[in-house]
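Proteins come first, then strands; the chains are lettered A, B, ... in the order of their sequence lines, and each starts at number 1.
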Protein chains: 2
Amino acid sequence: MDTSSPAFDVLSLNCPSRVVLQRIGDKWTTLVFQVLKDGPQRFSVIRGAVQGITPKVLTQTLRTLERDGLVSRRIYAEVPPRVEYALTPLGETLLEPLDAVRVWAEEHAAKILQAREDYDAQADSLQLP
Amino acid sequence: MDTSSPAFDVLSLNCPSRVVLQRIGDKWTTLVFQVLKDGPQRFSVIRGAVQGITPKVLTQTLRTLERDGLVSRRIYAEVPPRVEYALTPLGETLLEPLDAVRVWAEEHAAKILQAREDYDAQADSLQLP
DNA sequence: GTACTCGGTATCTAATTGATACTTTCACTT
DNA sequence: AAGTGAAAGTATCAATTAGATACCGAGTAC
């Protein structure tokens with residue numbers, strides 16, 4: 001099977017697709033997408049759902065996703081203020097590949113943890129630091 | 001459609017699947033996988049193929065992938081020494097989801113770059129920093 | 001006026017990444 | 001015998017990035 005694209009190659013330095021890959025592979029992007037996949041959510045909901053994210057980093061993440069056209073930001077003139085974030089059509093197309101990775105992670109997490117234990121036990125028995 | 005797994009949830013703090021996701025989303029992992037997908041390769045070949053990676057970081061990446069059971073490392077007792085890295089069976093199962101993401105990145109890179117231009121032009125016209 | 005909510009900034013510190021140079025082992029060349 | 005070269009990394013230090021924590025401003029309710 002040929003899965004290559006004509007225009008870009010992630011292995012090339014300075015290739016735009018690599019920058020894009022970086023964004024996708026960002027620590028928090030997948031998690032934010034996971035929260036937004038069922039519809040728009042406000043800042044505080046995302047912050048609560050993505051456990052461990054700090055407001056600064058969430059803001060950064062959302063701003064970058066907005067800049068890249070993957071997420072839209074809408075402010076409602078209410079009090080207290082309401083800001084809703086949603087996936088754009090482009091962002092929606094990313095859901096499928098991202099979900100594939102997430103599902104893989106959830107399905108194989110146990111095996112990887114096991115591999116780590118084995119590896120570390122092996123290293124210990126050889127008295128490596 | 002229900003794409004959730006019973007045991008793990010990436011949104012939970014300290015969930016193992018999140019650690020796994022981190023590894024997958026690592027800056028260089030996808031690129032190394034891309035090189036190894038057609039068969040074992042030696043260190044210097046990977047270093048040459050993944051443009052921009054430094055030896056230190058490549059070593060780190062490969063060690064971590066080895067520890068996680070995704071890549072195997074084999075030393076040949078030759079001179080000069082030869083070390084070959086290959087995907088393990090577990091690593092092979094990750095190829096598909098990872099490739100989906102890579103293909104998406106290559107296909108949509110142009111749109112994202114366009115979105116960035118638009119965003120930045122907009123920001124400029126509003127005289128934002 | 002005091003307190004509360006929401007959606008963030010500001011500031012400072014800790015951890016990670018990256019650039020560059022160096023090391024080791026053995027063979028081969030001169 | 002001394003120098004050169006290749007492969008697969010380490011070592012060292014600087015720069016970038018992420019994270020913890022505290023704070024801010026608008027507006028309404030009390």
Side-chain angles (χ1 to χ4, degrees), chain A residues 11-14 18-19 21-32 35-36 40-68 71-86 123 126 128-129, chain B residues 10-15 18-19 21-32 35-36 40-68 71-86 123 126 128-129:
Chain A
L11 292 180
S12 299
L13 192 63
N14 298 326
R18 195 187 271 200
V19 181
L21 200 66
Q22 224 84 296
R23 177 80 33 255
I24 297 171
D26 179 85
K27 179 168 182 179
W28 300 107
T29 296
T30 313
L31 307 180
V32 169
V35 177
L36 294 183
Q41 295 293 349
R42 50 204 299 186
F43 189 88
S44 50
V45 170
I46 305 173
R47 183 171 62 181
V50 180
Q51 294 183 18
I53 199 169
T54 62
K56 187 190 93 173
V57 174
L58 179 54
T59 300
Q60 279 175 3
T61 304
L62 289 170
R63 286 286 186 288
T64 320
L65 290 175
E66 191 193 357
R67 185 169 105 105
D68 287 352
V71 157
S72 65
R73 178 173 184 270
R74 183 162 178 197
I75 308 169
Y76 293 84
E78 300 174 357
V79 167
R82 183 155 63 104
V83 179
E84 277 192 351
Y85 293 90
L126 295 173
L128 299 175
Chain B
V10 285
L11 292 180
S12 300
L13 192 62
N14 298 327
C15 175
R18 196 188 270 197
V19 181
L21 200 66
Q22 224 82 298
R23 177 79 35 254
I24 297 170
D26 179 85
K27 178 167 183 179
W28 300 107
T29 295
T30 313
L31 307 179
V32 169
V35 177
L36 294 182
Q41 294 293 349
R42 50 203 302 188
F43 188 89
S44 50
V45 170
I46 305 173
R47 183 172 63 182
V50 180
Q51 293 183 20
I53 199 168
T54 62
K56 188 190 91 173
V57 174
L58 179 53
T59 300
Q60 280 175 2
T61 304
L62 289 170
R63 285 289 185 287
T64 319
L65 290 175
E66 191 193 357
R67 185 169 107 103
D68 286 352
V71 156
S72 65
R73 179 173 184 268
R74 183 162 178 196
I75 308 169
Y76 293 84
E78 301 174 357
V79 167
R82 182 155 64 103
V83 179
E84 276 192 352
Y85 293 90
L126 296 173
L128 300 176

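Distance A:Gln22 CD to D:dA18 P: 10 Å, rounded to the nearest Å. Here C:dG18 presents its P atom at 12 Å from CG of B:Leu58, a figure rounded to the nearest Å. The CD1-P distance, from A:Ile75 to D:dA26, rounds to 15 Å in whole Å. Rounded to an integer number of Å, the gap from A:Glu78 CD to D:dT28 C1' is 13 Å. Rounded to whole angstrom, the span from the CD1 atom of A:Ile46 across to the P atom of C:dG8 amounts to 9 Å. Atom CZ of B:Arg47 and atom P of C:dA19 are 14 Å apart (whole Å). Computed from coordinates, the B:Ile53 CD1 to C:dT20 P distance equals 16 Å when rounded to whole Å. In this entry the distance linking CZ of B:Arg73 with P of D:dA8 reads 10 Å, nearest Å.
The side chain of A:Arg42 approaches C:dG7 more closely than any other nucleotide in the set D:dG19, D:dG9, C:dG7. Closest contact between the side chain of A:Arg82 and the listed nucleotides D:dT10, C:dG8, C:dG7 involves C:dG7. Closest to the A:Val57 side chain, of the nucleotides C:dT9, D:dG9, D:dA18, is D:dA18.
Note on B:Ser44: a side-chain N or O is less than 4.0 Å away from OP1 or OP2 of D:dA8. Note on B:Tyr85: every side-chain N or O is 4.0 Å or more away from OP1 and OP2 of D:dA7. Contact check, A:Arg63 against C:dG8: a side-chain N or O comes under 4.0 Å of OP1 or OP2.
Every side chain to side chain donor-acceptor pair (under 3.5 Å) that B:Arg82 has, sequence neighbours left out, goes to B:Glu78, B:Glu84. Remark: A:Arg47 pairs with no residue by the side chain to side chain donor-acceptor pair (under 3.5 Å) rule, at least two apart or across chains.
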Polar atoms only, N or O, under 3.5 Å: list the protein pairs with nucleotides 10-15 of chain C and their distances.
none

Measure all distances between protein nitrogen or oxygen atoms and nitrogen or oxygen atoms of nucleotides 21-30 of chain C, and list the pairs falling under 3.5 Å.
none

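When all heavy atoms are compared, the tightest approach of A:Thr29 to A:Arg23 is OG1-O, 3.1 Å. Counting all heavy atoms, side chain and backbone alike, A:Arg18 lies closest to B:Trp28 at NH1-CZ3, 3.6 Å. Heavy-atom minimum distance, B:Tyr85 versus B:Val71: CD2-CG1, 3.9 Å. Closest approach of A:Leu31 to B:Leu11, counting heavy atoms only: O-CD2, 3.7 Å. A pairwise comparison of heavy atoms in A:Ala49 and A:Val35 identifies CB-CG2, 3.7 Å as the closest pair. Shortest non-hydrogen contact noted between B:Gly52 and A:Leu13 is CA-CD1, 3.8 Å.
The neighbour count for B:Arg73 CZ, taken as heavy atoms of other residues, nucleotides or ligands under 6.0 Å away, is above 12.
Contacts with DNA chain C (heavy atom under 4.0 Å) in residues 25-32 of chain B: B:Lys27, B:Trp28, listed by number.
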Per-pair distances, 0.1 Å, donor-acceptor, side chain in residues 58-66 of chain A, under 3.5 Å, sequence neighbours excluded:
residue: A:Thr59; atom: OG1; partner: A:Pro55; partner atom: O; Å: 2.9
residue: A:Thr61; atom: OG1; partner: A:Val57; partner atom: O; Å: 2.7
residue: A:Thr64; atom: OG1; partner: A:Gln60; partner atom: O; Å: 2.6

(message) Under the criterion side-chain contact (heavy atoms from CB on, under 4.5 Å), I'd like the reasoning laid out for A:Leu21 against B:Thr30: C-alpha separation, chi angles, the key distance, then a yes or no.
(response) CA-CA 9 Å; A:Leu21 200 66; B:Thr30 313; 3.8 Å; yes
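No contact: A:Tyr76 has no heavy atom under 4.0 Å from any strand.
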